[in-house]
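To keep things clear, I will list the structure first and then write my remarks on it.
If you read the sequence from its start, that first residue is 1, and numbering goes on from there. Note that the coordinates shown come from a computational prediction; the quantities given were computed from them, not determined experimentally. The figures here come from the full heavy-atom set of this structure, side chains too, leaving out hydrogens, waters and symmetry mates.
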Amino acid sequence: QVQLVESGGGLVQAGGSLRLSCAASGRTFSSYAMGWFRQAPGKEREFVAAVSWSGSSTYYADSVKGRFTISRDNAKNTMFLQMSSLKPEDTAVYYCAADKFALRWKEVMVVDGINYGYWGQGTQVTVSS
């Protein structure tokens with residue numbers, strides 16, 4: 001059973017920064033692409049960023065490109081999302097997710113939540129104006 005646990009959310013002023021973490025357990029973390037998604041109240045879940053199993057490839061939603069950085073530490077089974085220049089519209093519950101299958105990376109797939117088999121419980125990020 002795969003378990004994903006997010007942490008690092010909180011309340012921050014616009015322009016500030018936060019670093020989210022996602023700790024994984026239960027399978028070979030380093031073999032799977034990982035992603036971050038978010039869901040704001042009354043809105044559908046949306047893709048934020050993804051990182052390949054090795055960490056060598058990343059992909060971002062246009063809305064966060066240049067402000068957010070995704071990374072992973074396979075030795076520690078942990079993925080990160082460094083968020084800078086935060087805006088009120090970044091307010092949402094942020095979820096980490098793990099790919100259903102090992103050793104695959106296609107940008108057209110990592111943006112779609114249907115390709116992820118495991119999800120964390122989410123962490124709230126609130127950006128005040």
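Note on L103 and W105: same hydrophobic cluster, where clusters join Ile, Leu, Val, Met, Phe, Trp and Tyr whose side-chain heavy atoms are under 4.5 Å apart, directly or indirectly. Hydrophobic clustering, with ILVMFWY side chains joined whenever heavy atoms are under 4.5 angstrom apart, groups Y118 together with F29. Linking ILVMFWY residues whenever their side-chain heavy atoms come closer than 4.5 Å, directly or via other members, places V125 and L81 in the same cluster.
Residues in residues 73-83 take part in these side chain to side chain donor-acceptor pair (under 3.5 Å) pairs, two or more places apart or across chains: R72-N74. Counting only residues at least two apart or in different chains, salt bridge (Lys or Arg N to Asp or Glu O under 4.0 Å) contacts with residues 49-63 comprise D62-K65. Every pair passing disulfide bond (SG atoms under 2.5 Å apart) that includes a residue from residues 66-129 is listed here, sequence neighbours excluded: C22-C96. Note on residues 104-117: pairs passing salt bridge (Lys or Arg N to Asp or Glu O under 4.0 Å), not counting sequence neighbours, are D99-R104. Among residue pairs with one or both ends in residues 41-61, those qualifying as salt bridge (Lys or Arg N to Asp or Glu O under 4.0 Å) are R38-E46; sequence neighbours excluded.
Of all non-hydrogen atoms in A40 and A92, the two that sit nearest each other are N-CB, 3.8 Å. Closest of all the heavy-atom pairs between M79 and I70 is SD-CD1, 3.9 Å. Of all heavy-atom pairs between S85 and S17, the closest is N-OG, 4.4 Å.
Environment of CD in Q3: sparse, with no more than 12 heavy atoms of neighbouring residues, nucleotides or ligands closer than 6.0 Å.
Checking side-chain atoms of S54 against main-chain N and O of S56 turns up a donor-acceptor pair under 3.5 Å. A donor-acceptor pair under 3.5 Å is formed between the side chain of E6 and the backbone N or O of G122. In this structure, Q121 contributes its side chain and V5 its backbone to no donor-acceptor pair below 3.5 Å. Under a 3.5 Å cut-off, the side chain of T91 and the backbone N or O of T126 do not form any donor-acceptor pair.
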**Asked** Can you list the steps and then say if Y95 with W36 is a side chain to side chain contact (heavy atoms under 4.5 Å, CB included)?
**Response** CA-CA 6 Å; Y95 299 90; W36 287 99; 5.9 Å; no
**Request:** Take V93 and T123, measure what side chain to side chain contact (heavy atoms under 4.5 Å, CB included) needs, and give me the verdict at the end.
**Result:** CA-CA 5 Å; V93 177; T123 186; 6.0 Å; no
**Request:** Starting from the C-alpha separation in whole Å, work towards a yes-or-no answer on side chain to side chain contact (heavy atoms under 4.5 Å, CB included) for Y116 and V110.
**Result:** CA-CA 8 Å; Y116 293 82; V110 299; 3.4 Å; yes
**Item:** side chain to side chain contact (heavy atoms under 4.5 Å, CB included) evaluation trace for M34 with L4
**Value:** CA-CA 11 Å; M34 300 286 293; L4 301 174; 3.9 Å; yes
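Residues satisfying the side-chain contact (heavy atoms from CB on, under 4.5 Å) test with V12, not counting sequence neighbours, are L18, L86, V127.
A 4.5 Å side-chain heavy-atom check between M83 and L20 finds at least one atom pair inside the cut-off. Annotation: side chain of W53 is not in contact with side chain of S30 (no heavy-atom distance under 4.5 Å). Residues V48 and Y60 form no side-chain contact, since every pair of their non-hydrogen atoms from C-beta on lies 4.5 Å or further apart.
Taking the six-membered ring for Trp and thresholds of 30 and 60 degrees, Y94 and F68 have ring planes inclined between 30 and 60 degrees apart.
In this structure, F47 has its ring center under 6.0 Å from that of F37.
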